[in-house]
Amino acid sequence: MRGFKLGMAGTGGALLLGFMVLLTLAGLVVMPHDPIALDFTQRLAAPSAAHWLGTDQFGRDVLSRVMLGGRGSLLVASLTVLLTVAIGLPFGALVAYVGGWFERLSMTVLDALLAFPSLLIALGIMAVIGPSTSGVVMALTIAYTPGVVRVTRSVALSLRETGFVQASEVLGWSTAHVVCRHVIPNCIAPIAVMGASLFAAALLAESALSFLGVGLPPPAPTWGGMLADGRPFLSEASWLSLFPGLAIAVSLLGCNLLGDALRDRLDPRMRSAGGST
Amino acid sequence: MMLTFILRRVAQGLLTLAIAGTAVFLLIRVIPGDPAQMLVGDVGDPAMVAATRASLGLDRPLPEQWLLFASDLANGDLGTSIMTGQQVREVIMQAFPVTASVVLLATAIAALIGIPAGMWAAWRQGRAADYLLVGITSVLLSVPTFWSGLIVLVIFSVKLGWLPALGYVPLGEDLRAGLIALIMPVGVLVLAELATLARMMRSSTLEVLRLDYITSAQARGVAPWAVLLRHVFRNAFAPTMTTLGLMLGHLLGGVVVIEKIFGLPGIGRLLVDSIVQRDYPIVQGCLLFVAFIFVIVNLIVDLLYAALDPRVRV
């Protein structure tokens with residue numbers, strides 16, 4: 001790949017996201033306080049030197065809980081992106097390549113699935129399987145895969161017309177070989193761009209599900225769940241909701257900036273149009 | 001030609017609905033997890049679970065269930081609520097106007113601000129105004145509505161006491177109180193949607209600005225506002241309109257959280273409450289209804305697009 005410069009916004013994005021990931025990873029090694037242990041002498045303490053981000057209604061340190069909460073949120077988002085791409089990329093390439101009635105049928109069904117707001121699909125699925133980590137990942141994967149298939153298909157369709165793909169067909173390579181060697185690798189750049197926005201979408205959706213109480217099950221804190229738990233104490237202890245929300249917003253901002261920069265880098269068409277959507 | 005186009009789009013919409021309906025049908029029945037078991041709870045004995053399953057009609061063979069489901073749906077019958085015994089259709093019809101007023105109002109305001117802002121930024125590409133818009137929208141796009149909602153709530157109703165924290169007043173009942181209750185939820189949604197629209201409009205305006213006819217108009221000495229208004233807007237707006245249509249549909253999902261925060265009795269809150277109460281007929285009805293609205297909105301957008309841009313009518 002050519003020299004890789006992300007520009008100021010992209011670098012800023014990578015730093016923001018990197019900071020949140022590091023904060024979460026640091027929590028695996030050391031945390032300022034025990035994020036689960038109750039301490040009623042410290043109920044709803046405002047941010048101070050001892051508790052940088054204050055404590056919650058059970059006297060638990062908010063910073064430690066934000067660090068712990070990131071684990072679930074970032075893990076769910078990463079797994080969702082991996083699974084969606086692992087399913088959507090080969091399937092989209094296949095659909096474009098096989099064509100005919102298979103393509104028409106698949107696209108009709110996928111378009112129909114895209115008729116549901118993704119959060120609603122996820123909510124509907126959570127309704128049936130009940131709150132669980134694997135459930136959230138499954139729900140979000142089902143919600144986002146149709147979109148990935150769509151993008152991959154359109155990229156693969158245009159690739160099918162290119163010289164090098166047609167050349168390898170003429171050389172007598174099997175369809176499977178052409179798809180794996182030429183089509184899929186060339187879909188990776190646009191999918192990487194999509195992956196960044198998928199990560200943001202999955203993180204946001206997981207937080208929304210947890211906020212609504214149908215996401216990751218307690219007792220493990222998630223950013224969305226902490227936000228919801230802080231609601232009754234909004235007037236006396238606004239930091240309870242403020243900081244987990246800030247964690248989500250900083251991660252999303254990092255992700256979006258990074259995604260925009262990637263798009264400007266990897267998608268020459270977008271670059272000539274002068275920027276991102 | 002327009003008529004064939006309309007007929008084909010309507011047929012497509014019906015097909016989409018049929019598939020979406022089947023997807024919802026399968027969702028409740030095929031995905032691992034048992035609604036009857038969830039309804040009875042972990043303590044329920046097997047006989048009770050079986051009885052619940054029979055009362056939901058889940059013990060019959062799938063094709064038979066599907067036929068029943070499809071014929072009920074064709075008659076507009078969405079079933080009855082497990083909890084209250086009310087007609088699902090009536091429950092939804094009560095909730096929908098609330099959601100619709102929030103979503104439509106927010107979209108209209110977001111479009112009125114976002115579209116001119118996006119065009120302006122594109123016109124000033126690479127200058128301060130452009131960077132400002134891209135910067136502000138990046139931040140707005142990254143703020144979850146459930147967080148900005150809570151912050152707005154803390155500032156305007158807890159700290160300042162200017163606006164009521166909860167409570168919905170139907171617009172038809174008391175226009176003034178109704179509008180006041182909508183200020184915060186609509187405002188939060190506007191911030192989120194504004195960013196999407198402004199960015200979409202910016203990038204499609206940039207595409208159009210590069211075209212020859214714009215250069216020629218400028219060379220002829222047409223004033224900038226006239227170039228933007230008469231020449232750019234029409235062509236740049238068409239893709240944004242598609243976004244607007246998709247956004248309206250997806251807002252029906254995003255509004256769930258807003259309704260929950262501000263205590264609005266809309267479709268979103270109905271859906272979440274029904275999920276928590278395991279009221280499957282309502283969950284199913286809400287999902288179907290949202291898909292229906294989404295298809296209708298996109299049908300209208302597609303037809304408007306064709307009216308605006310004859311090139312797509314093929």
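Letters A, B, ... mirror the listed sequences (proteins, then strands); counts begin at 1. A quick note: this is a predicted structure, and the numbers were derived from the prediction, not measured.
Using a 4.5 Å heavy-atom cutoff, the side chains of A/Asp260 and B/Arg199 are in contact. In this structure, A/Leu120 and B/Phe294 have side chains that are not in contact, with every pair of non-hydrogen atoms separated by 4.5 Å or more. Put simply, the side chain of B/Lys260 reaches to within 4.5 Å of the side chain of A/Leu212, judged on heavy atoms.
For the set B/Val272, B/Val295, B/Leu17, the count of heavy-atom pairs under 4.5 angstrom toward chain A peaks at B/Val272. Contacts with chain B were tallied for A/Ala205, A/Gly254, A/Ala200, A/Ala208; A/Ala208 has the most, counting heavy-atom pairs under 4.5 Å. Note: B/Ile275 leads B/Ile275, B/Val24, B/Leu15, B/Ile151 in heavy-atom pairs under 4.5 Å with chain A. Each of B/Val139, B/Leu287, B/Val283 has some count of heavy-atom pairs under 4.5 Å with chain A, and the biggest count is that of B/Leu287.
At a 4.5 Å heavy-atom cutoff, the contact between A/Leu113 and chain B is made by side-chain atoms alone. Proximity to chain A is limited to the side chain of B/Leu271, based on heavy atoms less than 4.5 angstrom apart. For chain B, the nearby part of A/Leu257 is the side chain; its heavy atoms alone come within less than 4.5 Å. In this structure, the portion of A/Leu119 lying under 4.5 Å from any heavy atom of chain B is its side chain and not its backbone. Heavy-atom distances place the side chain of B/Ala23, and not its backbone, under 4.5 Å from chain A. The part of A/Leu114 that comes within reach of chain B is its backbone (N, CA, C, O), which places non-hydrogen atoms under 4.5 angstrom from that chain. Contact annotation for A/Ser251: neither backbone nor side-chain heavy atoms come within less than 4.5 Å of a heavy atom of chain B.
Listed for the A/Arg231 side chain is a donor-acceptor partner under 3.5 Å among the backbone atoms of B/Ile261. Without hydrogens or angle criteria, B/Trp147 side chain to A/Ile248 main chain gives no donor-acceptor distance under 3.5 Å.
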Query raised in the report: Step by step, would you call A/Phe211 with B/Thr145 a side-chain contact (heavy atoms from CB on, under 4.5 Å)?
Result: CA-CA 11 Å; A/Phe211 178 79; B/Thr145 47; over 6 Å; no
Requested in this report: Applying side-chain contact (heavy atoms from CB on, under 4.5 Å), run through A/Leu204 and B/Phe146 and close with a yes or a no.
Outcome: CA-CA 10 Å; A/Leu204 188 61; B/Phe146 44 88; 4.2 Å; yes
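Rounding to the nearest 0.5 Å places CG of A/Leu253 at 4.0 Å from OG of B/Ser142. Of the inter-residue distances, the one linking A/Ser241 atom OG with B/Leu153 atom CG reads 10.0 Å to the nearest 0.5 angstrom.
Residue A/Phe19 places its CZ atom among 12 or fewer non-hydrogen atoms of other residues, nucleotides or ligands, all under 6.0 Å distant. Within 6.0 Å of the CZ atom in A/Phe233, the count of heavy atoms belonging to other residues, nucleotides or ligands exceeds 12. A 6.0 Å sphere centred on CZ of A/Arg71 holds more than 12 heavy atoms belonging to other residues, nucleotides or ligands.
For A/Ala249 against B/Val143, the heavy-atom pair with the smallest separation is CB-CA, 4.5 Å. Across every non-hydrogen atom of A/Asp111 and B/Thr16, the tightest pair is O-CG2, 4.5 Å.
No side-chain donor-acceptor contact under 3.5 Å links A/Asn256 and B/Ser138.
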